[in-house]
Novice: 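Below is one structure. I have some questions about it.
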Amino acid sequence: MTADTDAENATADAERAALADAAASGIHVIPVPTPFLVGRVNCYLIEDDPLTLVDTGPNSGKSLDELAGGLAELGHSIEELGLIVLTHQHMDHLGLVEILQRRSGAEVAALDLLAPYLEHFPASARADDEFASRVMLRHGIPAEVVTVLGSVGAAFRAFGSAANVNRPLRGGDELRLRDRTFAVTRRPGHSPSDIVLHDPRQRLLIGGDHLLSRISSNPLLSRPLDHGPDEAGDGGLDRPHALVDYIASMRATRELSVAVTLGGHGPPVLDHRALIDERLRMHERRARRVLAMLESSPGRQATAYELASQMWGNVAVTQAYLTISEIIGHLDLLVGDGRATEDASGPVTRFAPAA
């Protein structure tokens, strides 16, 4: 057995021990299947008053069956739920909320800015797809690729659902249960609506997709939450700067006193500061790589799609929105600290190294 294997086994043992400790305190993980590449999503049942579920899984029969089965193994049912908390707006985390709310009568808590989005979910999802299409066209992705990806996005809408958010949350609020109180903190970046729940007494964080142990959360370019369904923008200078926001959010989370972070996918995070430090170094390495590609581009300028294609090849087509979001995020870092420039004056935005 190698030293690496020993270390991996020790980490796995520590992760299992952390989940066991959380369960002993009344917080149980229920992994639910999704149709997405990320795999299973972690829902968390908090045995308290009210009986609370954090995130729901996507809107599918298989996800509902496994969630109900996970609740049953813990001695509970959907009908007993009194509160459902949504960590953010992505379909793998909220798709079952309408069914669960109808069957249980539970309150739904989410970021206050997310409430109108969820109330009008079909229109919001269509506007999101239109926003994504405009961003892709604006940053050089061929129209035929955008059309195909738009069709895929429309098919995925069925995995989401509308909800009545009757317990809106704001950053700085407290979520009080009978036996514990969570500090609610907004952490935009992965999406505009990310929140984390911090129990300072137990030094525990329920983090959604803000921090994940095995994969780096992708700061997706998302339509701003204050936009109505008809406000998609053109994807130019009016778009959000998701990676810039995400880095600021990680730096803020780094200051919290946390022993265990229960993430939305994969095992728990046992050292959030070490993980955040590594993610910050990773993003700086990638920004430098993007700058090097930009400096070697013909005419010393390029679109985000040209850079994504150079970095990932065909993956930049099959996963176009993920890759374009990442490239634009690192370009935003470069523009923000003066290492690159952005020209959105024409129909396609181009970037260049700073003079």
Novice: Test His93 against every option in Asp209, Thr56, Asn42 by the side chain to side chain donor-acceptor pair (under 3.5 Å) rule and name the one that passes.
Specialist: Asp209
Novice: Does the side chain of Leu19 come within less than 4.5 Å of Pro268's, by heavy atoms?
Specialist: yes
Novice: Verify side-chain hydrogen bond (donor to acceptor under 3.5 Å, both in side chains) between Tyr246 and Asp194, making sure each step is shown before the conclusion.
Specialist: CA-CA 10 Å; Tyr246 183 52; Asp194 283 68; over 6 Å; no
Novice: Got a sec, which pairs hit salt bridge (Lys or Arg N to Asp or Glu O under 4.0 Å) with one end in residues 90-110, sequence neighbours left out?
Specialist: Glu79-Arg103, Glu107-Arg167
Novice: Is it true that, when you exclude Arg201 itself, more than 12 heavy atoms of the residues, nucleotides or ligands shown sit nearer than 6.0 Å to its CZ?
Specialist: no
Novice: What I'd like to find out is whether the side chain of Leu322 reaches to under 4.5 Å of the side chain of Trp312, using heavy atoms alone.
Specialist: no
Novice: Does Asp343 come within less than 4.0 Å of Arg350, counting only side-chain N to carboxylate O?
Specialist: no
Novice: Heavy atoms, side chains only, cut-off 4.5 Å: are Glu342 and Thr349 in contact?
Specialist: yes
Novice: Hey, what's the ring geometry for His88 with His90, parallel, tilted or perpendicular (30° and 60° as the breaks)?
Specialist: perpendicular
Novice: Does Arg251 CZ have over 12 foreign heavy atoms under 6.0 Å away?
Specialist: no
Novice: Without swapping roles, check the side chain of Asp55 against the backbone of Cys43 for a donor-acceptor pair under 3.5 Å.
Specialist: no
Novice: For atom CZ of Arg178, is the number of surrounding heavy atoms from other residues, nucleotides or ligands below 6.0 Å larger than 12?
Specialist: yes
Novice: Could Asp13 and Arg16 be called an ion pair, given the rule that one side-chain N must be under 4.0 Å from one carboxylate O?
Specialist: yes
Novice: Is His139 close to Leu221 at the side-chain level, that is, under 4.5 Å between some pair of heavy atoms?
Specialist: no
Novice: Quick one: are Glu306 and Ser297 in side-chain contact, heavy atoms under 4.5 Å?
Specialist: no
Novice: So that I can tick it off, tell me whether Arg339 and Glu284 are bridged by a salt bridge, with the cut-off set at under 4.0 angstrom between side-chain N and carboxylate O.
Specialist: yes
Novice: Is the shortest heavy-atom distance from the side chain of Pro50 to the side chain of Leu177 under 4.5 Å?
Specialist: yes
Novice: When you check the gap from the basic side-chain N to the acidic O, do Arg134 and Glu130 get nearer than 4.0 Å?
Specialist: yes
